[in-house]
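Notes for the one structure printed next.
Quick note on labels: first sequence line is chain A, next is B, and so on, each numbered from 1.
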Amino acid sequence: MDAEDRVLLDAFRRGEDSAFSALVIKYRESVYRVARRMLGNHEDASDAAQEVFIRAHRALLRFDGRSQLYTWLYRITVNLCLDMRGRSTRLPLAGEDDDGDERSSAPGVEEQAESRETGRAVARAVVELPPRQRAMVTLRLYQDLPYLEIARIMGCSEGTVKATMFAALRRLRRALSDQGVRQP
Amino acid sequence: MKDRCRDVLERLVEATTGTLAPAQREGIAEHLAVCDRCREEAAALEATVSRLREAGQFHTPPEFWAQFTNRLTERIANDRLPATARLRRWIALPRHAWGTAAVTAAAALAITAGVRLGPTPPSHDPVRDQVRTLVTDTMNSTLPSLGEMLEVMGAGFPNEIDLANDRARP
């Protein structure tokens, strides 16, 4: 486990609540980004990230430290999002402007507009993937997690992750092509 | 599809997402140089991954994280930890460590002593012994449940009852 996380975890075990706050500040954006990719909108992602840290606070004393703390947090996040996704009513519809605050560093006005449109198309394509494919794509492409870590989080083999990723990328390729997104 | 193509396609995901070892990457490049179909597939996958990654990061309003953390702190303050978790934290506190160790050692000692000495023998009850001497075989044969009845009654007798006084009465 990361040395800094271990220090914070030990401090939390000794009753220092500020240690948990430090962990929240360290991981809140990563947890939110995973939830946002998986759920497709800000409100649900924000609620999910809150719930992840509430659950983590309850269970942190039982965390054995054999895996990275972020792996453990991502597992909670993915499971929660898979569960929320199953009963959510706030999912974005095709064409809905749910990613208005997704930006890129494109310089000109036209490029920015095109980039925003591409961002929306990509977010829609990702959110329309089957849940487990969506989780794996999010963890690999956006959180840059190694396949082994993803396999631990998803509770399957590394080979299964690779095969699922392959299927997901083919599907995304078709979806982006259908939405008229040009290849870079 | 040739076996080599299948093998290369399986590893293309790793190659395009950047986790393949350089030696394996070279093997794939050699195959792509001579196989049009795999080369097309690789180019398409690479373009998709590139497009997905370029799509930008999510940006949140400036005040969002402060509100998020405040709300979370409030929720955690209202969300009492389970009793077992609170006990664990209490035990882990350095100022409780010696006390916890002493209590644990005493409990371990008591359990060990209990196991070694075994169960304690039943205590001797003089009143019941006195009663048993008064009951003859004839009484037992006449009243088969007399023994059981005396056991039940004996269980309720206080220790200070002196049966000898009752026997002396006419």
Side-chain angles (χ1 to χ4, degrees), chain A residues 10 12-15 17 20-21 24-25 28-29 32-33 36-37 42 45-46 49-51 53-54 57-62 99 101-106 115-116 118-123 125-126 137 140-142 144 146-147 159 162-163 165-166 168-170 172-173 176-177 181-184, chain B residues 6 8-20 40-62 64-82 84-97:
Chain A
D10 288 344
F12 177 71
R13 285 190 173 130
R14 289 195 304 270
D17 288 328
F20 187 76
S21 302
V24 170
I25 290 169
R28 64 190 181 185
E29 290 191 45
Y32 168 83
R33 277 202 299 271
R36 179 77 187 260
R37 286 280 172 205
H42 171 72
S46 175
Q50 286 270 330
E51 192 57 33
F53 286 111
I54 294 282
H57 184 258
R58 284 181 199 147
L60 194 56
L61 293 170
R62 292 199 302 275
D99 289 306
D101 56 346
E102 185 167 1
R103 297 167 197 153
S104 84
S105 55
S115 176
R116 265 204 298 277
T118 304
R120 288 186 199 119
V122 166
V126 171
V137 165
R140 178 68 211 121
L141 295 187
Y142 298 107
D144 219 20
Y147 284 104
K162 288 174 188 170
M165 275 294 288
F166 189 69
L169 289 175
R170 280 192 148 177
L172 284 167
R173 192 172 90 198
L176 292 178
S177 170
V181 175
R182 286 181 294 154
Q183 301 295 347
Chain B
R6 197 187 307 275
V8 165
L9 286 177
E10 280 173 6
R11 284 188 292 154
L12 264 181
V13 176
E14 284 176 275
T16 49
T17 55
T19 56
L20 203 63
E40 274 176 33
E41 186 72 30
L45 267 181
E46 204 158 331
T48 305
V49 169
S50 173
R51 186 47 101 193
L52 288 165
R53 279 187 163 153
E54 271 179 13
Q57 291 289 321
F58 294 117
H59 289 262
T60 49
F64 172 70
W65 287 118
Q67 289 170 354
F68 178 91
T69 310
N70 290 342
R71 188 176 150 214
L72 184 65
T73 308
E74 200 176 309
R75 284 185 69 188
I76 285 173
N78 294 330
D79 184 66
R80 234 165 113 73
L81 283 173
T84 49
R86 275 183 283 142
L87 182 64
R88 271 189 221 185
R89 274 185 96 170
W90 189 88
I91 289 170
L93 281 177
R95 66 174 180 274
H96 298 148

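To the nearest 0.5 Å, atoms CG (A:L141) and CE (A:M165) are separated by 4.5 Å.
With sequence neighbours excluded, the residues that form a salt bridge (charged side-chain N to carboxylate O under 4.0 Å, His left out) with B:E14 are A:K162.
Proximity to chain A involves both the backbone and the side chain of B:R71, based on heavy atoms less than 4.5 angstrom apart. Interface remark: A:D10 contributes no atoms to any contact with chain B (heavy atom separation under 4.5 Å).
Note on A:R170 versus B:E41: salt bridge recorded, some NZ/NE/NH1/NH2 to OD/OE distance being below 4.0 Å.
With chain B as partner, the option from A:A121, A:A163, A:A49 having the largest number of non-hydrogen pairs under 4.5 angstrom is A:A49.
When all heavy atoms of A:R13 and A:L61 are compared, the closest pair comes out as CG-CD2, 3.6 Å.
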